[in-house]
Amino acid sequence: MSDTTTLQADLLQAVAAASDEAALEAVRVGALGKKGSISALLATLGKMSPDERRTQGAAINAVKDAVTAALAERREVLRAAALDARLARETIDVTLPLRDPPAESGRIHPLSQVWDELSTIFADMGFSVAEGPDIETDDYNFTRLNFPEGHPAREMHDTFFFNPKEDGSRLLLRTHTSPVQVRTMLTQQPPIRVICPGRTYRIDSDATHTPQFHQVEGLVIDKESHLGHLKWILHEFCKAFFEVDNVNMRFRPSFFPFTEPSLEVDIQCRRDKGEIRFGEGEDWLEILGCGMVHPNVLRACDIDPEVYQGFAWGMGIDRIAMLKYGLPDLRALFEADGRWLDHYGFKPLEMPTLAGGLSS
Ligand code: DAH
């Protein structure tokens, strides 16, 4: 077998064996590139006699044509195979269900939901929202709210104190939202009508208490505001919040340093197989504390108790959220468990409104 015949057979075999386009290109360069085997043979033509050149030239060109044709054919085959493999790999199953967009799959935490519901209900009654810092002074959290130094009620608040400053004063994490009353009265002139939802802190942790919890405070100061108004507001609030036509309420005498008289409010309910129904039944559930703002508090906030009077209330947001939405364990509210939130959370685009329904 002549050299050219062997070369052609070897090259055609290499072309056939190339398993992808890169391998095929390597064969092409090895044969037809500048230093390729066919190019090397062609370079020998110059030194041959005219006769030899005629026969050898024809033979070498025949190899070149055969190899070029084989390369082109093999390239087509490999290209088609590569395309088939890619199409198989990138198959999209158009029958799969669509994944929910973020606005559909995200959930609003029940506490945020209840916070929005509260704000919606009280905004409708003409209240605005006031806020204050979580880190408070002893003065705003206690003293101006008529808790005298050394008064036992201070001890009952299980306060988180910061280390004392050089002058002996101590900052603290507010134990209730009542200091926002103080801040509001010091900066606004009556008539005042605010609610103050916010985070609160006490050293307490068990199935029904978490060290950080939430309260909403209400404050009304005007010339003739009285307990009758307070009762109406709370009654309307409970009906709207629990989404029932009637709620029976019970006002019991109580004590808070910052109100006189002070009252605690229970709502009537029936407990039935783990469910609570309001406006019926034999049970009473305490939901808030309230009263007429103590003249000492008005005075401490630069409001003349001879001219103005008013009432206030304070309520646990976590507690009313649990009651309304049947949340069995308070601690779950703080655990950031996505599965819990999927179950108990609310759709983000369904904002609570009085007209459209608070929680639908
Ligand atoms: N600050 C009270 C507490 O945390 C709750 C409270 C009771 C607030 C009566 C009030 C009120 O404004 O009038 O226990």
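One-based numbering, in listed order, for ligands and for the atoms of each.
Inclusion of Ala312 in the set of residues having an N or O under 3.5 Å from an N or O of ligand 1 is warranted.
In the vicinity of Cys290, heavy-atom distances shorter than 4.0 Å reach the ligand 1 atoms 9 (C), 11 (C), 13 (O). With ligand atoms numbered from 1 in the order given, ligand 1 contributes 13 (O) to contacts under 4.0 Å with heavy atoms of Gly291. The contact set between ligand 1 and Gln181, taken as ligand atoms under 4.0 Å from a residue heavy atom, comprises 12 (O). Ligand 1 places these atoms under 4.0 Å from at least one heavy atom of Ser178: 1 (N), 8 (C). Near Thr259, with a cut-off below 4.0 Å to any heavy atom, the atoms of ligand 1 are 13 (O). The contact set between ligand 1 and Arg202, taken as ligand atoms under 4.0 Å from a residue heavy atom, comprises 3 (C), 4 (O), 14 (O).
Between Arg86 and Glu90 there is a salt bridge, with a side-chain nitrogen of the basic residue lying less than 4.0 Å from a carboxylate oxygen of the acidic one.
The shell of residues lying under 4.0 angstrom from ligand 1, judged by heavy atoms, excludes His294. Remark: distances from the non-hydrogen atoms of Gln215 to ligand 1 include one below 4.0 Å. Not a single heavy atom of Phe311 sits under 4.0 Å from any atom of ligand 1.
A salt bridge (Lys or Arg N to Asp or Glu O under 4.0 Å) with Arg183 is found for exactly one of Glu136, Glu131, Glu217, namely Glu136.
Aromatic rings of Phe213 and His176 (six-membered ring for Trp) have centroids beyond the 6.0 Å cut-off, not under it.
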